[in-house]
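What follows is one structure encoded as structure tokens, with my remarks underneath.
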Amino acid sequence: MAKPVSYPHPVAGRGDEVTGELAPFELDVSKYGGDFILKISAVGISNITLDGFIRDGRASFAARVACAQTYFRESFVFAGNEHTIRIKASRLSERVEVSLRVCARKKIETYRPDGLHPDYGEASFLIDQGDVLAEGITKTFWATSDFDPLAGPVSSIMRIRQGDFDDGPFRVILESDRITIEMSKSDWKGYLFMRSQLPGVLHGAVVLPALTEAISGLRYRQDELQNFLWVERLKDILNAKKCSENDPAVVVAQRLLDGPFSRASSGLMTFSNVEGG
């Protein structure tokens, strides 16, 4: 595990070094042509000194986009409360992190921000151009070639695998970057058959209950699950489909899967007709 960065000066957002913090920004991701469009909004800093630095040009917000799969790392500097970033889709793949900071744009000889912790006494600090003055939260999204929230690509946030147990009910694991369904060894062959011959039945028997549990987890365990990648992607899909939080989770799950019972019954009738000649 990587060690946290240590700074030679106080940074807002790191414990109680400096009062005030970066607001939890909003991130909206879409795809247009061959580019990902990242819209960052609701940006702000509650520390008086840092807010003043941004207004007079001594500091700015910096959105850092990082993709471990492609080694893409780039920071985008702006001063307003919203900003749009356009990145070639070929430069991003799988998990992408977007973090927000405040960075110095100019050298500051005697940095002593409002709300400095009393332990610093009368100390002041030399800040160089590019130094981090505040750290905010990090958000993630899943960059795939078929990224399209309106299409509701549930498969992009879910995976099914064989578990290490011999028999019994399948298990749904939400504490992972993807919603994970683990099948028993005895059920795995049946799953492989349904996947190739009767995918509609598979959606109703396995994917539907797992997605229902995930939607319930999103509603009632969001604080606990918020750092896992599937959460933000599922939010995008739900928003794009205009799903209401007042609808039962099982009803919402059926909408996202485009009516799995109807598709399963149609598939079974077709399969039966083919088998019967």
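Atom set for the values below is all heavy atoms of this structure, side chains included, hydrogens, waters and symmetry mates excluded. If you're wondering where the values come from, they're calculated on a predicted model, not measured in any experiment.
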Arg219/Glu245 ion pair, N-O < 4.0 Å: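 A salt bridge is absent here (no side-chain N lies under 4.0 Å from a carboxylate O).
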
NZ/NE/NH1/NH2 to OD/OE distance under 4.0 Å, Glu135 and Arg64: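 Judged by the 4.0 Å cut-off on N to carboxylate O distance, Glu135 and Arg64 do not form a salt bridge.
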
Working to the nearest 0.5 Å, report the span between [atom1] of [X] and [atom2] of [Y].
X: Met158; Y: Thr180; atom1: CE; atom2: OG1; result: 9.0 Å
X: Lys241; Y: Arg255; atom1: NZ; atom2: CZ; result: 11.0 Å
X: Glu213; Y: Arg221; atom1: CD; atom2: CZ; result: 8.0 Å
X: Asp166; Y: Trp188; atom1: CG; atom2: CH2; result: 15.0 Å
X: Asp16; Y: Asp119; atom1: CG; atom2: CG; result: 8.0 Å
X: Gln129; Y: Arg105; atom1: CD; atom2: CZ; result: 8.5 Å

Tyr120-Phe125 aromatic ring centre distance below 6.0 Å: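 Distance test on ring centres: under 6.0 Å, yes.
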
Centroid-centroid under 6.0 Å between His83 and Phe78 rings: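 His83 vs Phe78: aromatic centres under 6.0 Å.
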
From CA spacing to verdict: side chain to side chain contact (heavy atoms under 4.5 Å, CB included), Val206, Tyr191: CA-CA 9 Å; Val206 179; Tyr191 159 72; 5.7 Å; no

Around [X], counting heavy atoms of other residues, nucleotides and ligands shown, do more than 12 lie under 6.0 Å from its [atom1]?
X: Lys39; atom1: NZ; answer: no
X: Glu21; atom1: CD; answer: no
X: Leu192; atom1: CG; answer: yes
X: Lys88; atom1: NZ; answer: no

Please report the shortest heavy-atom distance between [X] and [Y], naming the atom on each side.
X: Phe25; Y: Ile137; result: CE2-O, 3.5 Å
X: Leu50; Y: Tyr111; result: CD2-OH, 3.4 Å
X: Leu126; Y: Asp131; result: O-OD2, 4.4 Å
X: Ile40; Y: Ala63; result: CD1-CB, 3.5 Å

Main chain of [Y], side chain of [X]: is a donor-acceptor contact present, judged purely on distance under 3.5 Å?
X: Asn81; Y: Gly44; result: no
X: Arg73; Y: Cys67; result: yes
X: Gln254; Y: Val250; result: yes
X: Asp114; Y: Asn47; result: no
X: Ser184; Y: Phe165; result: no
X: Ser124; Y: Arg112; result: no
X: Ser41; Y: Glu82; result: no
X: Trp230; Y: Leu174; result: yes
X: Lys235; Y: Leu218; result: no

Criterion side chain to side chain contact (heavy atoms under 4.5 Å, CB included) on Leu238 and Leu256, from CA distance to verdict: CA-CA 8 Å; Leu238 292 171; Leu256 298 189; 3.7 Å; yes

Audit row: Arg178, Glu94, salt bridge (charged side-chain N to carboxylate O under 4.0 Å, His left out) steps and yes/no: CA-CA 11 Å; Arg178 295 191 185 187; Glu94 299 188 5; 5.5 Å; no

